[in-house]
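Written out below as structure tokens is the structure these notes cover.
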Amino acid sequence: ARLIMRVLPEQPERGTTARDARPADLATAPFAPQTPATFKLANGIPVMLWRRAELPLVQMTVVLRPGRATDDPPHAGLTQLTADMLDEGTGDLNALQFGDALQSLGATFGAAADQESVDASLFVLRRNFEKAAGLAADAIQRPKMDPTEWKRVQSLHLEALKQQDDEPRIVASRVALRALFGDENPYGRPISGTPESLKALTIDAVRSQHTALFRPEFATILIAGDVTEADAKPVLDRLFGAWAVQGQGPAATTPEWGTPKAQALRVLIVDRPDAVQTVIRFTMPGPAYADPRRVPLHLLNTLLGGSFTSRLNNNLREQHGYTYGAGSRFSMNASAGYFSASSSVRADVTGKGLKEFLAEFARLRKPGGGDITEAETAKARESLRTDVIHSMAGLRGVVSTAANLVTVGLPWDTVARDLATMPKVTAEDLNRLAGPAIPLDSGVLVLVGDKKLIQEQIKDLPLPAPNEVTIRGEPVGGK
């Protein structure tokens, strides 16, 4: 039900020119990730440094990896709020004064947390690196933890959680992960916490969490920018070298919660009456980062839903016009992982959109292997390789890549080894891998939208009967 009109100006015919011939592709240029300088501070904290003198800038990140879950079940959100309190003043500086001091140096500072690590990052002009690093070191080791600022931060965080409740994509992800991993698994709980868990937190709990997690034995310092080892080491030794262990820290544990318990495919609906779109989100068990299949899995995902020209996006967006975009990813963490595929489709084509998701999965999960071609594999290899190289172009990309490797406990040369592995992966390898890599029968399908429309449109699809849940993933009506 549409008209496509193309109006072209009348032009005289022209002869063939050299511009009509496509030039030959350039040869693939070799690439080797820059090797960092490594050294240790007086107290044993390891440092990795990448000299990048192109611009007078420095990026520094302190990664803390305690070797256990950062939050326990009753205190979800505690670590994230502890990280949020780092830039709320230190020493004689209150929150406003600390922010003004950073701004006067042209610096930015912030901290974040996930289920198994915490990090704090500084970005600053080279000429102000020493002064800004001093502010960051104070914030990391000796935050003010003012009760008044705590009340404000807690209140703002609660308001942010309320806003997330109105974001269907966030709701779908939260519900899916809780259903897949369960409440006792850190990956089943939002790192930002819940309104109930946050309201129960106190400033004393935050102070205790800071003491437990922000410890030199958990730390690794990563620096990239216009600074040499000779410049950085004396500064870091002065700022972090005297950071001493305080008391007995929490023991590292071997997580037993990495893989969710196997269950049959479940369909969960979060009702949003009269919604004009439906969020479709499949979430399935997946591998941790150290899995030897990591590179083939990333290639598989690139062609399925990890790029604009992927199968899912081409199908649902380009061919059918059901959505602005569809994609997938393998989320590989230190101790756990999962696969997800999602899209927001028009409410009136929820069933049709789901049918196309299932069809794309079926193509890859066929008995005997999927239908991936060598041309697709070559394209995925080049796309993924390009993404990795581009991620190394800026300071933040280098440090972010290194921080991820520190978090999962792998060395920096993992990047080079992964790049060397890519050309060796064939279409046959991916077809053999695809079925086990997409365990649909053990996954969770979350649909956020108008329940009546959804139920009517999915009734004839090969899916189990759906159950309705709240925006927190709790059964509606006790079912």
Side-chain angles (χ1 to χ4, degrees), residues 61 63-66 68-88 95 109-121 139 143 145 149-210 212-214 255 257 260 268 270 279 281 283 329 331-338 340 342 400 403-404 407 444 446 448 469-474:
T61 295
V63 181
L64 298 125
R65 180 173 178 252
R68 62 175 180 85
T70 51
D71 284 337
D72 53 26
H75 305 116
L78 175 57
T79 303
Q80 181 60 64
L81 280 176
T82 302
D84 289 346
M85 286 297 294
L86 295 190
D87 61 357
E88 298 298 331
F109 173 80
D114 62 26
Q115 281 79 1
E116 298 186 67
S117 67
V118 193
D119 64 68
S121 295
M145 297 292 181
E149 302 297 348
W150 157 249
K151 287 295 183 183
R152 178 179 58 81
V153 170
Q154 184 185 36
S155 177
L156 289 173
H157 202 80
L158 283 166
E159 288 299 318
L161 288 188
K162 291 179 183 178
Q163 292 176 11
Q164 290 178 7
D165 292 345
D166 294 326
E167 295 289 338
R169 288 178 178 269
I170 294 177
V171 169
S173 175
R174 184 170 64 201
V175 169
L177 291 176
R178 183 177 184 182
L180 184 69
F181 286 100
D183 291 341
E184 295 303 311
N185 190 309
Y187 287 93
R189 306 188 297 267
I191 192 64
S192 55
T194 66
E196 296 75 22
S197 66
L198 291 187
K199 289 176 183 177
L201 297 180
T202 65
I203 186 62
D204 289 336
V206 172
R207 289 170 179 152
S208 296
Q209 185 74 337
H210 177 268
L213 293 180
F214 286 77
W257 35 257
L268 305 176
V270 180
V279 173
R281 185 177 183 88
T283 304
R329 64 175 298 184
S331 298
M332 302 181 190
N333 306 294
S335 302
Y338 56 91
S340 58
S342 62
S400 176
N404 182 58
T407 299
V444 178
V446 176
V448 182
V469 297
T470 68
I471 58 174
R472 304 278 167 209
E474 296 161 352

Would you say [X]'s side chain and [Y]'s backbone share a donor-acceptor pair under 3.5 angstrom?
{"X": "N333", "Y": "S335", "value": "no"}
{"X": "S173", "Y": "R169", "value": "no"}
{"X": "E184", "Y": "P73", "value": "no"}
{"X": "S342", "Y": "V279", "value": "no"}
{"X": "T82", "Y": "L78", "value": "yes"}
{"X": "H157", "Y": "S192", "value": "yes"}

Checklist entry - Is the shortest heavy-atom distance from the side chain of H75 to the side chain of S197 under 4.5 Å? => result no
Item to check | Heavy-atom side-chain contact between D87 and E149 under 4.5 Å | outcome: no
Separation of [Y] [atom2] from [X] [atom1] (nearest 0.5 Å):
{"X": "Q163", "Y": "L158", "atom1": "CD", "atom2": "CG", "result": "11.5 Å"}
{"X": "R178", "Y": "L268", "atom1": "CZ", "atom2": "CG", "result": "11.0 Å"}
{"X": "N404", "Y": "M332", "atom1": "CG", "atom2": "CE", "result": "11.0 Å"}
{"X": "E159", "Y": "K162", "atom1": "CD", "atom2": "NZ", "result": "4.5 Å"}
{"X": "N185", "Y": "L180", "atom1": "CG", "atom2": "CG", "result": "8.5 Å"}
{"X": "I203", "Y": "M145", "atom1": "CD1", "atom2": "CE", "result": "6.0 Å"}

How far apart are the closest heavy atoms of [X] and [Y], and which atoms are they?
{"X": "Q115", "Y": "P186", "answer": "CG-O, 3.3 Å"}
{"X": "T283", "Y": "A176", "answer": "OG1-CB, 3.3 Å"}
{"X": "A76", "Y": "P190", "answer": "CB-O, 4.2 Å"}
{"X": "L81", "Y": "L201", "answer": "CD1-CD1, 3.8 Å"}
{"X": "R281", "Y": "Y338", "answer": "NH2-CE1, 4.5 Å"}
{"X": "A95", "Y": "R152", "answer": "CB-NH2, 4.2 Å"}

Item to check | Salt bridge present between D183 and R189 (N-O < 4.0 angstrom) | outcome: no
Checklist entry - Passes side chain to side chain donor-acceptor pair (under 3.5 Å), Q209 versus T79? Steps please. => result CA-CA 7 Å; Q209 185 74 337; T79 303; 2.7 Å; yes
Item to check | Residue pair V446, V171: steps toward the side chain to side chain contact (heavy atoms under 4.5 Å, CB included) verdict | outcome: CA-CA 9 Å; V446 176; V171 169; over 6 Å; no
Item to check | side chain to side chain donor-acceptor pair (under 3.5 Å) between D114 and S117, intermediate numbers included | outcome: CA-CA 5 Å; D114 62 26; S117 67; 2.9 Å; yes
Item to check | Residues V175, I471; criterion side chain to side chain contact (heavy atoms under 4.5 Å, CB included); working and verdict | outcome: CA-CA 7 Å; V175 169; I471 58 174; 5.8 Å; no
Next on the checklist: Can you classify the ring geometry of F181 versus Y187 as parallel (below 30°), tilted (30 to 60°) or perpendicular (above 60°)?
Outcome noted: tilted
Checklist entry - Can L86 and H210 be said to form a side chain to side chain contact (heavy atoms under 4.5 Å, CB included), step by step? => result CA-CA 9 Å; L86 295 190; H210 177 268; 3.9 Å; yes
Checklist outcome for this item: Those residues at least two apart in sequence (or on a different chain) that pass side chain to side chain donor-acceptor pair (under 3.5 Å) with D165 are R174, R472
